[in-house]
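Each chain gets a letter, A, B and so on, in the order its sequence line appears, and its residues count up from 1.
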Amino acid sequence: MMRRLEPQSGEFIDRSQPLKFTWNSKKLVGFAGDTIVSALLANNEQIISRSMKYHRPRGVLSADYWDPNTTVQVGDEPNVRAGHRLLETGIKVSAQNVWPSLAYDIKAANRLAGRFLTAGFYYKTFMKPQRLWPLYEKVLARFAPGGVVDLNTPHGYHDKRYAHVDVVVAGAGPTGLAAAISAAQAGMSVMLVEHNHRVGGHLLWGSDQDRETAAELANLAKVAGVEILTDSTVTGRYDDNWVAIAQRNHPGVVERLIKARAKTLVVAAGLIERPYVFAGNDHVGVMLSGAARRLINNYAVRPGHKAVVLTANAQGDATVSDLERAGVEVVAVVDGRKGQTISSASGSSKQLKTVITSDGSKLEADLLVTAVGWTAPTSLLNMAGDRPSYNPTAARFFPTALPDNVLASGGIVGDGSLDELIAHGRSTGKLAAQRAAVIQHRLRTTVTRAVKPDGTEPPLPQDTRKPLVIAPHPELYRADTHGMVDYSEDVSSKDLLGAAAEGFDSVELVKRFTTATMGPSQGKLETVNTVAVLAEAKGETIEQVGTTVWRPPYAPISLGALAGRVFEPVRVSSIHEWHEANNMTPILAGQWIRPEHYGDPNAEVANVRNNVGIIDVTPLGKLDLRGSDVTKLLNLVYTNKWSKLPIGAVRYGIMCAEDGVVFDDGVTGRLSENHYLMSTTSSGAAQVWQWLEMWLQTEHPEWQVHVTPVTTGYTSINIAGPKSRELLNRLVDDVDLSSEAFPYMNVRIGTIAGVSNCIMWRIGFTGELSFEVHVPSGFGLHVWEQLLAQGADLKVHPFGLEAQRIMRLEKGHFIVGQDTDGLTKAPTTGLTPLIKLDKEDFAGKPELQWSLDAGAAGLPVLVAITPNDPSLVPDEACQILRQGTTEIVGRITSSRFSPTLQRSICLGQVASEFAAAGTELTMRLCDGSDATATVCTHHAHFDPEGVRLRG
Amino acid sequence: MLLVPCPNCGPRNSADLTYRGEASARPNPATTTPKEWRDYLYSEDNPAGWLKETWYCSSGCRRFFAVERHTVTSEFREPPLPGSKTPKPLGDVGGRAVVGDASELEGEQ
């Protein structure tokens, strides 16, 4: 039996475009413009879901986004709001939370056990014994509501947009439209955001004249240049009117998050219809007046055949005439304003049959429509700090105090005729525009170094709007029977009374205990009923009980929209393409893509130790320091002394934070009197730059120093190995590379392979004779290729990060962040001689002073460690235990098999009592077994005297 | 998200800046005591009211600057100039003070 009516003047559907879809595999047809709900109802599919806990059959309640009874699965997308989602051709729609089927649901047996499933049942029942929780969890998971997530669903394209508008208007009903028009006509940029698919709000399901007015307003808004976003929701208002908007209908984008910074925000969100609490109020066939009117007027769907209408307002009265026009027999109109109400509704699981009124009359009907009042969706106002207060005359909450940059209009603040609502919207838009201008002025004057706007800040325009009247409305919350308060969570008024009796007597506690207002509807329909029932239980007024705080998001937003596009920048050196073409195995180091090796890291090590290798070390942080006070800066940020560093020399230093913890290390060379090049760790480059700027800008603004980051301005290549001098010599004419002229820890500037202004420093992280050259990056690849070409007979071979790590470990050089952590103070590293306490000041000095005064007592010690089994390579981060106990006394920080020494070698931090050379350590390996190791004499496992690198 | 008034870049999302915490003076390292130093490192006054704090415009001009923020209302205002105890509302003074370097900037208008 089809329920589709003859064409209606306000219908959204396009009867020339039938759309086929399936509902639980059943083939159905709807029209373009239908929502899934209207299409289902048109096909006489009344039961759309099963309730969460008791699996009661549920049909349409509000027929909009907030409908708690019409959440469905569409294809691989769970939890789709069928009252809002438009029908598309070919979609596969199915019911959620049913097993084995919607019509016959085994879990409905829960209903029989209903009296045991009261609020807190799960909390109380499954708490103990804890060991059974895994079992409980498996069983309960089957009963959990919600759709099915397909893990193979593609991510889809999501995006973000940043908008800087003067005025954002939330809600495009008559007041929102009027406000947007006024603000735009005053010259402001305006974004009007409408949750539904069309602008016009409640006018759309009103009279023909209402729809004409809506169309006129929409046209005026367009002409005034308002940006209108439909199917988009203002989900949150944050500090300084940072407004988050979820846009669901942007072409090509699954969902787009708009981050709008509005100077003023107008909230014209209208009113949400509130259900009535009575026995059977969640029965299929019981719906709100707004649902009935939308179904008839916008979707040409007859919501039932024989109806009872409970009305307490004009919308309820209008529903009666809508129903009659649609050919529905109105059996009785129960007038809430005259003290009449409904007592209960009942029927079969498929259909409503009987309605009993408060005076005991038994009426036969398959449809019960209620119009008992409104909830003001004050969410966005709450987020702006407002705490609404209850007005018993109007039976709803009203805002109290709003910040200057937020204005409310329409149903949230009062009632009136359509003309009065539009006039209020108009004056609100005008005020919003005036305030936006003042806020704009205020923002501009904060740019103290920019050209300021003329004149002093104008005074903030006061609110001189003619307020809307507050129309009386009977307080209708609960009948003399108990019914559902929260449909999404299956929380009844009985549950709430029970919770209150158990002592959960504040609304915030009751909410968390019963989960009322915490389901997908998020309180839009049920908050005030929850408060009303609690007030009844406590014998207080609704005002005394107060309401819960609405928090963002106003409507759900997908995680994809929050994540946005996959957008992760990567950095590569100028030699990257060569690496890629030459068998690089890449490794991601921070944002850098680097060669880990080119096939065989052990062979790369051997080649460096025996011949010569080159490595691309471009990610090494490089800061160009110039000025007459650079030495002072170096003395301040490094623990050692820099005053006597000669021109042409480089020096190693460690940097500590003010708590004495090592945070970076590197070498700095003096290029000329007032010009230095500082190198930092690859990962610490940005942090060190900020650190230097902090000292220069805050503590010593009088110092003359310029810091310029040049990390990618130079391509850095380390040439290491006994034949490195011979190789570099073939490319350099203007610098004497001999050991006498260019000794270890020195720097020279010269020409390499025809490229002038290259900086070369003689240092040795690998422990071999080596030159680190910094080449202007446009010529990096050229120099790299020349090194390989000119050194072919020397067996030059590139080496990667892994070979470098092995060699530095063979030499016992620690890596900040690997061998040290956020608690490692400088003395732990063994570099105490580099901590010069006789300097007047340096970062971290007081803490280091106190540490060393106490003999570094309590600080762990970084030591070289060799496993007693030379073939055993313990995993990094293995714990070191006190023998025979589980007391942790240290850990392995670096561990590799050394191809040079043909044995495993490690660095580790141990408690000072275990730091003496020769101490035997117990390592707890990752497989749980123990192994022994010995502390070495020297950090360097290889060439501890440094003969090779000084060669 | 807060709008933070950078003296160079103007109002910017707080995510564009790095919060450096309360702007407390670094004790003299030569004379400091462990208690004073660790108070400086780890303790904050955290008042419900006006608080002088340091921000670093890390995605913009890369200047450190001090500003007073009301921790309840999130209003910003200029910190008092050295030698003056009267804070002024934003925009009323000629130059925004970089910490410890206020008077110098005043001439740059």
Side-chain angles (χ1 to χ4, degrees), chain A residues 162 164 236 238-244 259 261 263 385 403 439-453 456-457 636 657-661 686-687 689-691 693-702 707 709 837 839-851 853, chain B residues 1-15 18 20 23 25-34 36-38 40-42 54 56 58 61-67 72-78 89-102 104-106 108-109:
Chain A
Y162 293 84
H164 298 269
Y238 304 84
D239 284 321
D240 293 322
N241 269 354
W242 194 91
V243 176
K259 302 176 174 185
R261 181 69 79 171
K263 291 177 190 76
I439 290 162
Q440 166 81 334
H441 190 285
R442 190 182 293 169
L443 290 173
R444 283 201 180 142
T445 53
T446 64
V447 189
T448 54
R449 290 185 193 180
V451 178
K452 290 184 191 178
T456 53
E457 182 177 315
L636 185 63
E658 289 279 50
D659 54 3
V661 168
Q687 203 187 349
W689 180 24
Q690 181 180 332
W691 184 241
E693 286 291 347
M694 194 272 288
W695 288 106
L696 289 171
Q697 291 182 34
T698 65
E699 289 292 326
H700 294 286
E702 75 282 7
V707 182
L837 294 174
K839 283 201 290 184
E840 193 187 329
D841 187 12
F842 61 86
K845 183 187 171 190
E847 286 291 350
L848 294 171
Q849 173 95 56
W850 298 322
S851 263
D853 284 353
Chain B
M1 192 187 301
L2 275 181
L3 272 182
V4 181
C6 169
N8 295 309
C9 305
R12 285 289 179 272
N13 285 347
S14 59
T18 305
R20 297 282 310 185
R26 184 175 186 249
N28 181 350
T31 57
T32 190
T33 62
E36 182 193 39
W37 186 254
R38 284 159 193 169
Y40 162 67
L41 287 183
Y42 307 117
T54 310
Y56 174 54
S58 44
C61 64
R62 297 189 179 272
R63 297 302 293 176
F64 288 79
F65 61 93
V67 72
V72 178
T73 64
S74 294
E75 285 171 274
F76 282 91
R77 69 182 185 191
E78 199 83 27
L90 276 175
D92 280 12
V93 290
R96 167 65 46 72
V98 163
V99 190
D101 185 27
E104 180 215 6
L105 296 175
E106 222 171 2
E108 287 191 18
Q109 284 293 302

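Top candidate by heavy-atom pairs under 4.5 Å with chain B, chosen from A:Lys845, A:Gln690, A:Glu693, is A:Gln690. Ranked by heavy-atom pairs under 4.5 Å with chain A, the first of B:Pro29, B:Ser58, B:Pro34 is B:Pro34. Per-residue heavy-atom pair counts under 4.5 Å with chain B were compared for A:Tyr238, A:Trp850, A:Phe842, and the maximum is reached by A:Trp850.
Listed here is the closest heavy atom pair of B:Tyr40 and A:Glu658: OH-OE2, 4.1 Å. B:Pro11 and A:Leu443 get closest at one heavy-atom pair: CD-O, 3.7 Å.
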- Item | B:Leu41 and A:Glu847: CA distance, side-chain angles, deciding distance, side chain to side chain contact (heavy atoms under 4.5 Å, CB included) verdict | CA-CA 11 Å; B:Leu41 287 183; A:Glu847 286 291 350; 3.9 Å; yes
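No side-chain heavy atom of B:Phe65 sits less than 4.5 Å from a side-chain heavy atom of A:Gln697. Within the 4.5 Å cutoff, side-chain heavy atoms of A:Glu699 are placed close to those of B:Arg26. In this structure, B:Arg20 and A:Thr698 have side chains that are not in contact, with every pair of non-hydrogen atoms separated by 4.5 Å or more.
Only the side chain of B:Thr18 comes within contact range of chain A, judged by heavy atoms closer than 4.5 Å. Contact of B:Pro27 with chain A is not made at all, since no heavy-atom distance falls under 4.5 Å. Residue contact with chain A, scored on non-hydrogen atoms closer than 4.5 Å, involves the side chain of B:Arg38 exclusively. At a 4.5 Å heavy-atom cutoff, the contact between B:Asn13 and chain A is made by backbone and side-chain atoms alike.
Atom CD of residue B:Glu75 and atom CG of residue A:Asp240 lie 10.0 Å apart, to the nearest 0.5 angstrom.
Of the possible polar contacts, none joining the A:Trp242 side chain to the B:Leu3 backbone as a donor-acceptor pair under 3.5 Å is found.
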